[in-house]
Amino acid sequence: MKTATLRAERLRSHRLSAPTRTVTDAAAHMLAVQSQDFTAGRWALAVRTRGDVRLRDVDRAFDRGRLVRAWTMRGTLHTVPSRDLGWVLQVTADRQRQQAASRQRDLGIDEAMITAVVAALTPRLRDGGLTRGEVFEVLQGIGIDPTGQRGIHLLFRLTIDGLLCQGPVVPREGITREQRFVLVEEHIREHAAPDDPLGELFVRYIDGHGPASVADFAWWSGLTLGQAREAADRASGRVEQVGEGLFSAAARPRRTAAATAVHALGAFDEYYISYADRTAVCAPEHLAAVGPGKNGMVRATLVEDGRVIGCWTHAVALRDTPPELFEGPRDPAAVDAALARFASFAGD
């Protein structure tokens, strides 16, 4: 497949050239968007949705229980439709436990500690949930020090065990970056149950990210290459092979005629991060500038015709200052419009 064709097809799969009607439609199509940067994760849904989407529109979906945030794969926070959380963790939780086991032993986290934390937290999480700070106060109250990542690893463990997730957004002036931890059994009212969760995960990845390879899926899901191959085998007939080792969705969304050529994508955006090989969308000489760097960060990118042409920050968009460009854009006005769209999203 020619690189230009690959980019065009990925823009369509990512709903960047074929935006959805609502942010919950975007979330359902993508299945999981990386969201350890909560603002960037919410923008990832807004930029894939038609019209003038505001931050409060995405937050409303969290508050109403349509979306949640959880450690769904690779030990990384993702935003997912609440109805899909259970079956996704059914596929990915064991692998995440294995990958976190050594660090949790170093932190003294064992089954006795987990049992004590569940007993202390469960009654406190009812009727609205707790902020992370409030959770840590409960831990301190039973003699568990949450510092040194112990508290975060305990929250991670209770999430992949299916007990809790992050739901309603904590209100504050400006851009809020905090959610309340809530009990899954209370907060999530509907649970999808695909017949073959492993095969379903591959299909949903390809729907939202294709054309992509089995190696790309293995990287994104955090599963072993053997598990990824099995997932692709199980998905046979539900996806199309479109090139050497590449799969695409059986039914692809229709491009929007008015779709812009330039997109301001947030930090850790799926269009860049969710592949084993990112050189199709970013020139090799620019990969180090985008990331992941030594600190694990992946910067927000400007994408023109599917290629990364620069980086930007929230401050750049909100203060109307020039972004960092790797090469001159074909349409400078479209760059300005893409940044202005984020400013509108983040504004009142």
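We number each residue from 1, following the sequence as shown.
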Inset, instruction - Taking the side chain as every heavy atom from C-beta outward, state whether Val53 and Val47 have any pair of such atoms under 4.5 Å apart. - result: no
Inset, instruction - Say whether, by atom type as modelled, one donor and one acceptor occur between the side chain of Ser13 and the main chain of Gly210 under 3.5 angstrom. - result: yes
Legend entry - Stepwise ring pair (Phe, Tyr, Trp, His ring centres under 6.0 Å) check, Phe247 with Phe217: CA-CA 10 Å; Phe247 297 88; Phe217 171 72; 10.0 Å; no
Legend entry - Any donor-acceptor pair under 3.5 Å from Thr92 side chain to Val88 backbone: yes
Inset, instruction - Assess whether salt bridge (Lys or Arg N to Asp or Glu O under 4.0 Å) is satisfied between Arg172 and Glu178, documenting all intermediate values. - result: CA-CA 9 Å; Arg172 53 158 284 187; Glu178 187 172 22; over 6 Å; no
Inset, instruction - Determine, for Glu134 against Arg124, whether the closest basic-nitrogen to carboxylate-oxygen distance falls under 4.0 angstrom. - result: no
Inset, instruction - Using modelled atom types only, decide if a donor and an acceptor are shared between the side chain of His29 and the backbone of Asp207 within a distance under 3.5 Å. - result: yes
Legend entry - Test item: Trp43 side-chain N/O and Ala267 main-chain N/O as donor-acceptor pair under 3.5 Å: no
Inset, instruction - Please determine if Arg180 forms a cation-pi arrangement with Phe62, meaning its NZ or CZ atom is less than 6.0 Å from the six-membered ring centre and no more than 45° off the ring axis. - result: no
Inset, instruction - Validate the cation-pi geometry between Arg10 and Tyr271: distance from NZ or CZ to the six-membered ring centre under 6.0 Å, angle to the ring axis within 45°. - result: no
Inset, instruction - Start with the C-alpha distance between Glu9 and Arg255, add both sets of side-chain angles, then the distance that settles salt bridge (Lys or Arg N to Asp or Glu O under 4.0 Å), and finish with yes or no. - result: CA-CA 10 Å; Glu9 288 302 308; Arg255 294 185 183 92; 2.9 Å; yes
Inset, instruction - Pick out which of Asp233, Leu246, Leu225 makes a side chain to side chain contact (heavy atoms under 4.5 Å, CB included) with Val214. - result: Leu225
Inset, instruction - Indicate yes or no: at least one non-hydrogen side-chain atom of Leu318 is less than 4.5 angstrom from one of Leu339. - result: no
Inset, instruction - Give a yes or no on whether a salt bridge exists between Glu111 and Arg157, defined as a side-chain N under 4.0 angstrom from a carboxylate O. - result: yes
Legend entry - Main-chain N/O of Thr20 paired with Arg48 side-chain donor or acceptor, under 3.5 Å: no
Legend entry - Aromatic ring pairing Phe181/Trp71, orientation class (parallel under 30°, perpendicular over 60°, tilted between): parallel
Legend entry - Electrostatic pair Arg7:Asp305 at N-O distance under 4.0 angstrom: no
Legend entry - Glu244 atom CD, neighbour heavy-atom count above 12 within 6.0 Å: no
Inset, instruction - Compare all side-chain heavy atoms of His78 with those of Met73 and state whether any distance is below 4.5 angstrom. - result: yes
Inset, instruction - Kindly indicate whether the side chain of Ser82, heavy atoms from C-beta on, has any atom under 4.5 Å from the side chain of Leu67. - result: no
Inset, instruction - For the pair Gln179 (side chain) and Val169 (backbone), establish whether a donor and an acceptor sit closer than 3.5 Å, ignoring hydrogens and angles. - result: no
Legend entry - Ile175 vs Phe38 side-chain heavy atoms within contact, under 4.5 Å: no
Inset, instruction - Step by step, work out the side chain to side chain donor-acceptor pair (under 3.5 Å) result for Gln36 and Gln34. - result: CA-CA 6 Å; Gln36 69 265 53; Gln34 196 160 327; 3.2 Å; yes
Legend entry - Any donor-acceptor pair under 3.5 Å from Arg15 side chain to Ala18 backbone: yes
Legend entry - Counterpart residues, side chain to side chain donor-acceptor pair (under 3.5 Å), relative to Asp63 (two or more places apart): none
Legend entry - Non-hydrogen side-chain atoms of Ile144 and Arg150 separated by less than 4.5 Å: yes
Inset, instruction - List the steps and the verdict of salt bridge (Lys or Arg N to Asp or Glu O under 4.0 Å) for Asp57 and Arg54. - result: CA-CA 5 Å; Asp57 298 322; Arg54 300 300 181 93; over 6 Å; no
Legend entry - Under-4.0 Å salt bridge between Glu327 and Arg307: yes
Legend entry - Asp52 atom CG, neighbour heavy-atom count above 12 within 6.0 Å: yes
Legend entry - Geometric class of the Trp220/His209 ring pair [parallel <30°, tilted 30-60°, perpendicular >60°]: tilted
Legend entry - Pi-cation contact, Trp312 with Arg341 (under 6.0 Å, within 45°): no
Legend entry - Pair Arg105 + Asp110: basic N to acidic O under 4.0 Å: no
Legend entry - Residues Arg66 and Glu190 bridged, charged N to O under 4.0 Å: no
Inset, instruction - Decide whether Asp269 and Thr301 meet the rule of one side-chain donor and one side-chain acceptor closer than 3.5 Å. - result: no
Legend entry - Residue pair Ser248 / Val239, side-chain heavy-atom distance below 4.5 Å: no
Inset, instruction - Answer yes or no: is there an ion pair linking Arg97 with Asp94, defined by an N-O contact shorter than 4.0 Å? - result: yes
Inset, instruction - Could you tell me whether Arg126 and Glu186 have a side-chain N and a carboxylate O separated by less than 4.0 Å? - result: yes
